[in-house]
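Below, read A as the first sequence line, B as the second, and so on, with proteins coming before strands; counting in each chain starts at 1.
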2 protein chains.
Amino acid sequence: MLTEERHQIILEQLKVHNIVKLHDLIPLTGASESTLRRDLQDLENCHKLLRIHGGAQNVISLHEEPALSQKASIHLDEKKAIGRVAASQVRNQEVIFLDSGSTIQFMIPYLIEHKNLLVITNSVDNASMLADYDIETFLPGGKLKSSTKALVGSTMVQTLETYHFDKCFLGTNGFSIESGYTTPDPEESSIKQLAIKQSNQTFILSDSSKYCQVSFSKFADLKDATLITNELPVKESVLLNKETKVMEVN
Amino acid sequence: MLTEERHQIILEQLKVHNIVKLHDLIPLTGASESTLRRDLQDLENCHKLLRIHGGAQNVISLHEEPALSQKASIHLDEKKAIGRVAASQVRNQEVIFLDSGSTIQFMIPYLIEHKNLLVITNSVDNASMLADYDIETFLPGGKLKSSTKALVGSTMVQTLETYHFDKCFLGTNGFSIESGYTTPDPEESSIKQLAIKQSNQTFILSDSSKYCQVSFSKFADLKDATLITNELPVKESVLLNKETKVMEVN
DNA sequence: GAAGTTTTTTGAAAGAATTTGAACGATATT
DNA sequence: AATATCGTTCAAATTCTTTCAAAAAACTTC
């Protein structure tokens, strides 16, 4: 059995069981304990799995989103800068859609500079913050998704279809040249797609850590939106620029 | 069984039951008492749960205290007691409407005991808390009122007209024999009226400090609802009882 | 193409580190 | 006071890392 074959078996087991014991791999591969330990180490080095005592664990499945609180605390300064630039794209009297997502939230403090704004959002957290800043806000109805505190579902879709936005601002869980913009939850994905359709202009906010990340459900091509992000690796930036509008934040 | 597997089982049980007894975990995992104690300790150290005597509990108490502003914290124990009694009126599988208002919020922690609940609320703050407790929640659309973070307006009215609730739980700014239940904002008042109309049963939660307070807009007569409150002055209580159902909380 | 050499991969062994279950006194609950 | 639960300690069992030599593969040289 080749090394590659064993690696494949291990990853396959992980896909199915989320956790795999080292001793269970011995009969499955016919290899010795030592060899399998080395395999696990190799796979951990390229972030394909996480070793735990007695075996290995999936690094994080595509469907599982990290909890909002953990996600929110990292990349704080970048997000503030991105939020400031995004807010600067808004004009007085406009109607804008704000997606759920921690990065979007950083726009809100900068929005008070604009007068007579009307904000539509599907995020309960955003709504609460918008109320604190006394910005006129409307929530379309929907089912509350507890993990992200976003509203989703058919009611939301039906409502959005009757609206039209000057601009919409969306978050993303990943973007890449091949796969475009992606997010784990198909339901949230279709809300994003609809928001884009109903908007004159689309902005997607993302810190550069999301680059080359691919999640389950694609909601837009790179060319469909203006990406607002902090600096990307130089050569990648060139590549991206052929496909889409990018605003880099310093 | 690996440590990580046990941890997953424990957290899964907590998601479902919100409380888990240590002894129930022994057959579920096949591990010894000692091992499970260590597991609970580990999980508590990374804030995944809260240990309690005999087992563990979901960690969510964070939101209970700080969400409330100055005046909200005065009658804290009363409100908790009122919330507990109100929640005890709910049955499994019911559809209930929760109003905005700080007293209502105290119901939410006690709602986790009920299974397959569907909660409709017009309060963004309630929604956020309900999501934390992983209770199925639906928000009708509406304009966000920044002072109370409640949703109001014609969209809300239209949506509510198509719903029907087993029970609704409302807050009030004042109640008296002559004027019934009153609140300052006519828009919120009409939402409350509609919620009552669409419900089989109406409960109004109020600490006794609201007695004899009269606000601008009346939304119900005393006889239209069951009042859940802490103890009233005795003679008043007698008077009230002729008009309406009162549940006193001690 | 064969024999020899180097490199890589493999399995086994030894000692270190971790995990586990049981015991026991301390603490909390009734 | 009686019962149940808790934290601590300790020895046994399991797993991990490191090391080393044998086997396999790749590469040289003739």
Side-chain angles (χ1 to χ4, degrees), chain A residues 1-61, chain B residues 1-62 64-65 76-77 80-81 83-85 87-88 109-110 112-113 249-250:
Chain A
M1 166 145 331
L2 266 43
T3 308
E4 243 344 282
E5 288 182 89
R6 288 196 312 271
H7 285 194
Q8 210 142 2
I9 288 176
I10 294 170
L11 293 175
E12 214 168 292
Q13 286 292 311
L14 271 177
K15 279 232 170 195
V16 180
H17 295 116
N18 210 40
I19 279 184
V20 66
K21 296 194 245 303
L22 187 126
H23 273 289
D24 294 346
L25 288 172
I26 295 177
L28 277 169
T29 58
S32 73
E33 197 178 303
S34 301
T35 301
L36 286 164
R37 281 189 201 290
R38 276 184 281 256
D39 286 340
L40 293 186
Q41 194 157 14
D42 292 347
L43 289 169
E44 184 176 44
N45 285 340
C46 45
H47 307 288
K48 301 276 182 60
L49 55 74
L50 213 68
R51 291 189 71 184
I52 55 180
H53 195 94
Q57 186 183 17
N58 251 332
V59 62
I60 9 159
S61 82
Chain B
M1 165 137 342
L2 266 42
T3 309
E4 201 55 40
E5 288 182 276
R6 287 195 313 272
H7 286 191
Q8 280 184 19
I9 288 175
I10 294 169
L11 293 176
E12 212 169 296
Q13 286 292 312
L14 270 178
K15 273 233 166 191
V16 179
H17 297 111
N18 274 294
I19 272 189
V20 65
K21 292 200 254 295
L22 188 132
H23 274 288
D24 295 344
L25 288 172
I26 295 177
L28 277 170
T29 58
S32 72
E33 196 179 303
S34 302
T35 301
L36 286 165
R37 280 189 203 292
R38 276 184 281 255
D39 286 340
L40 293 186
Q41 193 160 11
D42 291 347
L43 289 169
E44 184 175 45
N45 284 340
C46 45
H47 307 288
K48 301 273 182 62
L49 55 74
L50 211 69
R51 291 188 71 184
I52 55 179
H53 195 88
Q57 182 182 21
N58 255 330
V59 48
I60 19 178
S61 44
L62 306 164
E64 246 177 295
E65 310 295 339
L76 201 112
D77 287 337
K80 273 189 190 175
R84 185 169 42 74
V85 169
S88 74
Y110 301 103
I112 54 172
E113 293 160 23
V249 171
N250 37 0

Q: Take atom CD1 of B:Ile26 and atom P of C:dG21, then tell me their distance rounded to the nearest Å.
A: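 Distance check: B:Ile26 CD1 to C:dG21 P gives 10 Å.
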
Q: What is the distance, to the nearest angstrom, from the CG atom on B:Asp42 to the C1' atom on C:dT19?
A: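 It works out to 11 Å between those atoms.
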
Q: I need the single residue from A:Thr29, A:Asp39, A:Asp42, A:Thr35 that forms a side chain to side chain donor-acceptor pair (under 3.5 Å) with A:Arg6. Which is it?
A: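 Output: one option passes, namely A:Asp39.
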
Q: Distance check needed: C:dT20 C1' versus B:Asp39 CG, whole Å only.
A: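 Atom CG in B:Asp39 sits about 11 Å away from atom C1' in C:dT20.
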
Q: May I have the distance from A:Arg6 (atom CZ) to C:dG11 (atom P), rounded to whole angstrom?
A: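 After rounding, the reported distance stands at 7 Å.
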
Q: Between the protein and nucleotides 5-9 of chain D, list every N/O to N/O distance that falls short of 3.5 Å.
A:
unit_1 : atom_1 : unit_2  : atom_2 : d
D:dT5  : OP2    : B:His23 : NE2    : 3.1
D:dT5  : O3'    : B:Gly54 : N      : 3.2
D:dC6  : OP1    : B:Ile52 : O      : 3.4
D:dC6  : OP1    : B:Gly54 : N      : 2.6
D:dC6  : OP2    : B:Arg37 : NH1    : 2.3
D:dC6  : OP2    : B:Arg37 : NH2    : 3.3
D:dC6  : O5'    : B:Arg37 : NH1    : 3.1
D:dG7  : OP2    : B:Arg51 : NH1    : 3.0
D:dG7  : OP2    : B:Arg51 : NH2    : 2.8

Q: Using a 3.5 Å distance criterion without hydrogens, assess whether the side chain of B:Gln57 forms a donor-acceptor pair with backbone atoms of B:Ile52.
A: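 Judged by distance alone, no pair lies under 3.5 Å.
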
Q: Among A:Leu25, A:Asn58, A:Leu11, find the one that has a side chain to side chain contact (heavy atoms under 4.5 Å, CB included) with A:Val20.
A: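 Result: among A:Leu25, A:Asn58, A:Leu11, A:Leu25 is the only option passing the side chain to side chain contact (heavy atoms under 4.5 Å, CB included) with A:Val20.
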
Q: Roughly, in whole Å, what's the span from CG in A:Leu36 to P in C:dT9?
A: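 Nearest whole value for this atom pair: 15 Å.
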
Q: Could you please spell out the steps behind the side-chain contact (heavy atoms from CB on, under 4.5 Å) verdict for B:Arg84 and B:Ser88?
A: CA-CA 6 Å; B:Arg84 185 169 42 74; B:Ser88 74; over 6 Å; no

Q: With a 4.5 Å cut-off on side-chain heavy atoms, are B:Gln8 and A:Ile19 touching?
A: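 A side-chain contact exists here, since the closest heavy-atom pair is under 4.5 Å.
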
Q: Within the structure, does a side-chain N or O atom of A:Thr35 lie under 4.0 Å from either OP1 or OP2 of C:dT10?
A: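 For C:dT10, OP1/OP2 do not have a side-chain N/O of A:Thr35 under 4.0 Å.
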
Q: What is the distance, rounded to the nearest whole Å, between atom CG of A:Leu25 and atom P of D:dC16?
A: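 The answer, rounded to whole Å, is 11 Å.
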
Q: Could you measure the distance from the CG atom of B:Leu22 to the NE2 atom of B:His53? Nearest 0.5 Å is fine.
A: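 That separation rounds to 10.5 Å.
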
Q: Can you tell me the distance, in whole Å, between the CG atom of A:Asp24 and the P atom of D:dT15?
A: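 My rounded result for the distance is 10 Å.
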
